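This report refers to the structure that appears directly beneath it.
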Amino acid sequence: MIANEKQTGVMRVGVLGFGGLGQAAAKVLSPKQEMVWTAVADHKGYAYHPEGLNIDACTQASRDRYSVGYLDSVGTLSNNSIADLIQQAPEVDGYFLALPNLPNTFMADVARQFIDSGWQGVLVDALKRTSAVEQLLELQSDLQAAGITYMTGCGATPGLLTAAAALAAQSYAEIHQVKITFGVGIANWEAYRATIREDIAHMPDYDVEKARAMSDAEVAALLDKTNGILALENMEHADDIMLELAGICDRSCVSVGGVVDTRNPKKPLSTNVQITGRTFEGKTSTHTFTLGDETSMAANVCGPAFGYLKAGIALHRRGINGLFTAAEVMPLFVR
């Protein structure tokens, strides 16, 4: 897809969710010239300023008073913060949904709020589970009719690594296996409570509802038992359905697993994707794409998310709506 400054212009964007990922997203946006962060919502309120929000003020309000709704002049407390923000900020071009997908239906429920609101624009998520993306597929015609361009699975995995697999697959006549292995290091799990709970939901003897119901003390006790390490194998990750939808391989050929260290910012292993296939000459080979160990989870999620948001806005301004995945559209770099 080709896009230039004239086609995209300055983009007014919002972030839904202001936990660890949402705050990281705001930091990623702060030096950007092409995107202006104008809207944010958390579970207790929202803030909106058409000229741009102050990240330090938002972070302080969230830390000290547990909601951006307490911000002077631009904040509003609300029990229906997403719906109210949509109505108060109709000119926002697109939103990054930095929301926990707990329960597993939550992101589809949020999408329905946007569909019902009459708002038209671009939505980007960093969904993990295959079943969550399947729920969005059921809304495809509704999103298109509503004038919404929705980019799903646009974080790190699914997202950056899925896109790399889609590109690397072009060397082959047939794909045998796509293996994604990730390493995540964070100094304090409480900065990413929702993300860690989503990871726990992938562990044996756990599911989404059980992980969601865990108190912080119960999560801490589990991490004490594992020395802060979460080892995850054969995860239900939407990379599989995204690559299948793109016609690259059957979802059964895709596997995702990794290690999360919740007590050390250093990655326990290097994040990579291996794509094995057969070339037209009959040779079997493997491409490997490895992320730099110095790049954080937040950098590898938020950067691609805004790249896909820019791509989605370019599509939307051409009148192209509906549901797309990270394996179908190239992200555009946000300057």
Side-chain angles (χ1 to χ4, degrees), residues 19-25 27-28 98 100-102 126-130 153-165 168 177-208 210-212 214 216-240 242-243 253-276 286-305 326:
L21 192 60
Q23 291 180 28
K27 291 177 183 177
V28 168
N101 196 46
L102 299 170
L127 274 182
K128 293 181 182 180
R129 286 186 174 267
T130 303
C154 296
T157 171
L160 176 60
L161 296 175
T162 330
Q177 183 185 50
V178 176
K179 183 178 181 181
I180 293 172
T181 306
F182 61 82
V184 174
I186 54 176
N188 177 11
W189 80 269
E190 291 181 334
Y192 290 93
R193 287 184 175 92
T195 299
I196 296 303
R197 281 186 172 82
E198 287 192 65
D199 287 335
I200 290 171
H202 288 281
M203 296 175 63
D205 301 323
Y206 289 87
D207 57 27
V208 173
K210 187 172 182 179
R212 182 190 181 203
M214 293 175 71
D216 286 357
E218 288 173 326
V219 173
L222 172 63
L223 296 176
D224 283 341
K225 289 181 182 179
T226 65
N227 293 318
I229 300 293
L230 299 178
L232 307 166
E233 297 181 355
N234 297 318
M235 301 171 72
E236 183 205 329
H237 245 237
D239 306 82
D240 59 2
M242 290 164 58
L243 291 170
C253 299
V254 182
S255 64
V256 180
V259 178
V260 181
D261 187 342
T262 64
R263 296 176 177 175
N264 189 340
K266 184 179 179 180
K267 291 183 182 180
L269 53 88
S270 295
T271 298
N272 68 88
V273 55
Q274 296 180 314
I275 306 94
T276 301
T286 298
H287 286 329
T288 301
F289 175 68
T290 304
L291 303 185
D293 287 345
E294 295 77 16
T295 58
S296 66
M297 174 190 69
N300 291 326
V301 171
C302 298

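In this text, all values refer to a predicted model and were calculated from it rather than measured experimentally.
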Non-hydrogen side-chain atoms of [X] and [Y] separated by less than 4.5 Å:
X: L230; Y: I200; result: yes
X: W189; Y: T195; result: no
X: M214; Y: L222; result: yes
X: T262; Y: I196; result: yes
X: M203; Y: L232; result: yes
X: N188; Y: I186; result: no
X: R197; Y: L102; result: yes
X: E198; Y: Y192; result: no

From CA spacing to verdict: side-chain hydrogen bond (donor to acceptor under 3.5 Å, both in side chains), D239, T162:
CA-CA 6 Å; D239 306 82; T162 330; 2.7 Å; yes
Side-chain donor/acceptor of S255 to backbone N/O of K179, under 3.5 Å:
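Between the backbone of K179 and the side chain of S255 there is no qualifying donor-acceptor contact (under 3.5 Å).
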Salt bridge (Lys or Arg N to Asp or Glu O under 4.0 Å) partners of residues 218-238, not counting sequence neighbours, each pair once
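Every pair satisfying salt bridge (Lys or Arg N to Asp or Glu O under 4.0 Å) with a residue in residues 218-238: R129-E236, D224-R263.
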Let me confirm one number: the CD1-CG distance from I180 to L161, rounded to the nearest 0.5 Å.
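One gets 5.5 Å once the value is rounded to the nearest 0.5 Å.
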Rounded at 0.5 Å granularity, tell me how far CE in M242 sits from CG in L127.
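If I round to the nearest 0.5 Å, the distance is 9.5 Å.
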Mind checking what makes side-chain contact (heavy atoms from CB on, under 4.5 Å) contact with A194, not counting sequence neighbours?
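A194 satisfies side-chain contact (heavy atoms from CB on, under 4.5 Å) with P100 once adjacent residues are dropped.
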Who are the side-chain contact (heavy atoms from CB on, under 4.5 Å) partners of K210, not counting sequence neighbours?
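Expected list: Y206, D207.
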Output all residues satisfying side chain to side chain donor-acceptor pair (under 3.5 Å) with T276, sequence neighbours left out; order by chain, then residue number.
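Partners of T276 by the side chain to side chain donor-acceptor pair (under 3.5 Å) criterion, ordered by chain and then number, come out as T286.
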Considering residues at least two apart in sequence or located in another chain, which fulfil the side chain to side chain donor-acceptor pair (under 3.5 Å) criterion with D261?
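For D261, no residue satisfies side chain to side chain donor-acceptor pair (under 3.5 Å) once neighbours in sequence are set aside.
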Kindly determine whether L269 and F182 satisfy side chain to side chain contact (heavy atoms under 4.5 Å, CB included), including the steps that lead there.
CA-CA 7 Å; L269 53 88; F182 61 82; 5.8 Å; no
Assess whether side chain to side chain contact (heavy atoms under 4.5 Å, CB included) is satisfied between R193 and D216, documenting all intermediate values.
CA-CA 8 Å; R193 287 184 175 92; D216 286 357; 2.9 Å; yes
In residues 291-299, what donor-acceptor pairs under 3.5 Å come from side-chain atoms, sequence neighbours left out?
residue: D293; atom: OD1; partner: S270; partner atom: OG; Å: 2.7
residue: D293; atom: OD2; partner: S270; partner atom: OG; Å: 3.2
residue: T295; atom: OG1; partner: G292; partner atom: O; Å: 2.7
residue: T295; atom: OG1; partner: N300; partner atom: OD1; Å: 3.4
residue: T295; atom: OG1; partner: N300; partner atom: ND2; Å: 3.0
residue: S296; atom: OG; partner: A298; partner atom: N; Å: 3.4
residue: S296; atom: OG; partner: A299; partner atom: N; Å: 3.0

Mind checking whether H202 and H237 have parallel, tilted or perpendicular rings, split at 30° and 60°?
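The arrangement is tilted - the two ring planes meet at 30° to 60°.
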